[in-house]
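Accompanying notes for the structure given below.
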Amino acid sequence: MKPLPIRPRRNRRSEALRGLCRETVLRPEDLIYPLFVHEGDEDETIASMPGCRRWSPAGLLEEIGCAVEAGIGAVALFPRVEESLKSPGGEESYNPAGLIPRIVSAIKERYPEVAVITDVALDPYSSEGHDGIVQRGPRGEVRVLNDATVETLCRQALCQARAGSDLVAPSDMMDGRVAAIRATLDGEGFTETGILAYSAKYASAFYGPFRGALESAPKEGDKKSYQMDPANAREALWEAELDAGEGADMLMVKPAGAYLDIIWRIRQSTHLPVAAYQVSGEYLMIRAAAAAGWLAEAAAIEESLIAIKRAGADMILSYFAREAAERLR
Ligand code: PBG
């Protein structure tokens, strides 16, 4: 019998050959580290997210120091807000003396080179646990108002820009918010502050653990009237096109792992940088399986991240950012 002329396995014979042929490389600077912060003096463990912490302001600065050491260049901040500061209108979201503005200034002072990303949405501040302002319908049902919410989001984004955020990241999925935020920031002279738009954000069961970390779950109803239907792909392209047209600097897909096709399609359809968010539920699937001894943790983490990058993400938000970066170093 004649030897096989074509053998793809030749290129996989050694680590050196595999290295030459590798198409996708994950670097620490591709990673954005999402961090939870609260007002307390102690760092807290999070029952719904083992392995993550709700940092005190001081603990947060230490943790960012370690991440920077590992080569991480960007952090995304999420506040756990005291119940007493929550309200139907989410006014605490634009309090210049609030937790997030204070933390942003402190980070910029200590680590001026770190890119700070702040979330624009009302859920941590809303007594209803929704991303926008709720108005009850005739049968008491939850309705999230679009345009009134956008006004509040503009104030929140401005407050974050004043504190020194590099990128404001609207995760609320209201219509028209990117244009409104851009106009507000420009009108106040913040032409350098960027917008990382959560463009294709799906109504996902994989956010559950995050809502536990922030104690921000909706008191009633779900988020399906503003977040996208997991069954839809064309609609994601529409949302991405709108956000780009409204002036977004970067687009995001969220969650990541179950939406690799969406990352790929948005990557093909835009020239803007594309981010993907490996969300809390994706993090926990790996953590929990590894804790049970069912998965090799480090390898599973690396594979999950490289797959997201291969699908077309330029940058990845991941709760594994610090440890993944440390291993890449
Ligand atoms: C809320 C927000 C959510 C996440 C980031 N911003 C939750 C939600 O929309 O309910 C989820 C992140 C994660 O699960 O890790 N604006």
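Since we're looking at a predicted model, the values are computed, not measured. Remember, it's 1-based here, ligands and their atoms both numbered in the order they're listed.
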Check your understanding: Looking only at heavy atoms, is any part of Asp131 under 4.0 Å from ligand 1, and if so is it the side chain, the backbone, or both, or is it neither?
Key -> side chain
Review point. Is the closest heavy atom of Glu282 to ligand 1 under 4.0 Å?
Key: no
Review point. Heavy-atom contact under 4.0 Å between Tyr283 and ligand 1?
Key: no
Point to revise | Contacting atoms of ligand 1, where contact means under 4.0 angstrom from a heavy atom of Gln227 | key: 8 (C), 9 (O)
Practice item. Check step by step if side chain to side chain contact (heavy atoms under 4.5 Å, CB included) holds for Glu215 and Arg80. Key: CA-CA 7 Å; Glu215 296 169 352; Arg80 197 279 304 271; 3.2 Å; yes
Point to revise | Residue and atom name of the nearest protein heavy atom (relative to atom 8 (C) of ligand 1), distance in Å to one decimal | key: Lys223 NZ, 3.3 Å
**Study point:** Option passing salt bridge (charged side-chain N to carboxylate O under 4.0 Å, His left out) with Asp314 (candidates Arg27, Arg267, Lys309)
**Key:** Arg267
Check your understanding: What protein heavy atom is closest to atom 14 (O) of ligand 1, reported as residue, atom name and distance in Å?
Key -> Ser280 OG, 2.7 Å
Review point. In terms of side-chain geometry, is the basic nitrogen of Lys86 or Glu83 positioned less than 4.0 Å from the acidic oxygen of its partner?
Key: yes
Exercise for review: For atom 1 (C) of ligand 1, find the nearest protein heavy atom and state the residue, atom name and distance (0.1 Å precision).
Suggested key: Asp123 OD2, 2.8 Å
Review point. Does Lys254 have a non-hydrogen atom less than 4.0 Å from ligand 1?
Key: yes
Check your understanding: Donor-acceptor pair, Ser87 side chain versus Ser127 backbone, under 3.5 Å?
Key -> no
**Study point:** Contact (N/O only, under 3.5 Å) between Tyr198 and ligand 1
**Key:** no
Practice item. Measure the distance from atom 15 (O) of ligand 1 to every protein heavy atom, then report the residue, atom name and distance (to 0.1 Å) of the closest one. Key: Tyr319 OH, 2.6 Å
**Study point:** Within reach of ligand 1, part of Phe206 (heavy-atom separation under 4.0 Å)
**Key:** backbone
Check your understanding: Does Arg12 offer a backbone N or O that forms a donor-acceptor pair with the side chain of Arg18 under 3.5 Å?
Key -> yes
**Study point:** Lys/Arg cation over aromatic Tyr207: Lys254, 6.0 Å, 45° cone
**Key:** yes
Practice item. Tell me, yes or no, whether the heavy-atom count around Asp229 atom CG, taken from other residues, nucleotides or ligands under 6.0 Å, exceeds 12. Key: yes
Check your understanding: With a 4.0 Å cut-off, would you call Arg162 and Glu188 a salt bridge?
Key -> yes
Review point. Of all the atoms in ligand 1, which lie at a distance below 4.0 Å from a heavy atom belonging to Asp119?
Key: 6 (N), 16 (N)
Point to revise | Shared-cluster residues of Trp294, by chain and number - hydrophobic side chains joined below 4.5 Å | key: none
Exercise for review: Measure from atom 3 (C) of ligand 1 to every heavy atom in Phe210, Phe36, Phe78 and give the option owning the shortest one.
Suggested key: Phe210
Revision key, fill the gap. So for Ala121 against ligand 1, with non-hydrogen atoms under 4.0 Å, the contacting part is side chain
Study note, to complete from the structure: Interatomic distance, NZ@Lys108 vs CD@Glu113, rounded to 0.5 Å, equals 8.0 Å
Exercise for review: For ligand 1, note which part of Asp172 has a heavy atom under 4.0 Å away: side chain, backbone, both or neither.
Suggested key: neither
Point to revise | Protein contact of atom 2 (C) of ligand 1 - nearest heavy atom, named by residue and atom, plus distance | key: Lys201 NZ, 3.3 Å
